[in-house]
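Input: a single structure, listed below in structure tokens.
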Amino acid sequence: MAVSLNGLNVLGKISGNAKVFSDIKPDADKQARSLVVKQIKAKPDVDSVRAVKKAIGPSPFESIIDGMSDAEIRTLLNKMDPHNKELRQARPAARRDHLRALTAGRAKVVAPPDTGTTKRPAKRKPRRTLDLESMKAKAKGKR
């Protein structure tokens, strides 16, 4: 029978007793970073990422953002700010700066373009008519 374990509680106890767990500090650092990145990717909207930043603090958050790959940052921003066309051509450093600005509240998500309510005129179907010449045709051959 598997034993249920409250992982967050255990991690809190480990962080509270850093001296006792000093031998696993590098592993704890790596796992903490991995868990935060996983949470950011799970809910890639501005409010959720801001909540993560507030929960762990600005300094560790900046460190984690710096450690993310350019592809991870690009994917995250494509989900957070999908209508920002400038980000598609931006350099990796500009993308990181935009992510920092979004989480700090210095930048806003680009609104989707207004598609408008104008309708295109419906295409008219060609009118089917009978050709009078074809109605005068007679069968060839014997009758």
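Predicted, not measured: the structure shown is a model, and the values here were computed from it.
- The two residues K53 and E62 have their closest heavy-atom pair at NZ-OE2, 4.0 Å.
- A donor-acceptor pair under 3.5 Å is absent between the side-chain atoms of R74 and the main chain of P92, judged by distance alone.
- At least one side-chain heavy atom of N84 sits under 4.5 Å from a side-chain heavy atom of H98.
- A distance-only check finds no donor-acceptor pair linking the side chain of S48 to the backbone of P44 [under 3.5 Å].
- The two residues M80 and L99 make their nearest non-hydrogen contact at SD-CD1, 3.7 Å.
- Counting non-hydrogen atoms of neighbouring residues, nucleotides and ligands closer than 6.0 angstrom, the CD atom of E72 exceeds 12 such neighbours.
- For F61 against I40, the heavy-atom pair with the smallest separation is CE1-CD1, 3.8 Å.
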Is there a side-chain contact (heavy atoms from CB on, under 4.5 Å) between D81 and V46? Walk through the geometry before answering. CA-CA 8 Å; D81 197 0; V46 176; over 6 Å; no
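- Side chains of L87 and V110 form no contact here, defined as non-hydrogen atoms less than 4.5 Å apart.
- For D29 and R33, the salt-bridge test fails: no basic side-chain N is under 4.0 Å from an acidic carboxylate O.
- At a threshold of 4.5 Å between side-chain heavy atoms, the hydrophobic network of Ile, Leu, Val, Met, Phe, Trp and Tyr places V36 and L8 in two separate groups.
- Hydrophobic clustering (ILVMFWY, side-chain heavy atoms < 4.5 Å, transitive): L11 and I64 are in distinct clusters.
- What you find for P113 and H83 is that their closest heavy atoms are CD-ND1, 3.8 Å.
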CA sep, side-chain torsions, deciding dist, call: T103, V52, side-chain contact (heavy atoms from CB on, under 4.5 Å): CA-CA 10 Å; T103 58; V52 168; over 6 Å; no
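- Atoms CG and NZ, on D23 and K25 in that order, are 12.5 Å from each other to the nearest 0.5 Å.
- How far CZ of R95 is from CG of L77: 8.0 Å, rounded to the nearest 0.5 Å.
- Nearest heavy atom pair, residue P60 against residue G57, reads CD-O, 3.4 Å.
- By the 4.0 Å N-to-carboxylate-O rule, D27 lies too far from K30 to be salt-bridged with it.
- Electrostatic pairing of K79 and D45 does not count as a salt bridge here, judged by no charged N lying under 4.0 Å from a carboxylate O.
- Taking CG from D97 and CD1 from I65, the interatomic distance works out to 11.5 Å, rounded to the nearest 0.5 Å.
- In this structure, L102 and K108 approach most closely via the heavy-atom pair CD2-C, 3.8 Å.
- Atom-to-atom distance recorded for I14:CD1 and I24:CD1 is 4.5 Å, nearest 0.5 angstrom.
- In this structure, L76 and M68 have side chains that are in contact, with non-hydrogen atoms separated by less than 4.5 Å.
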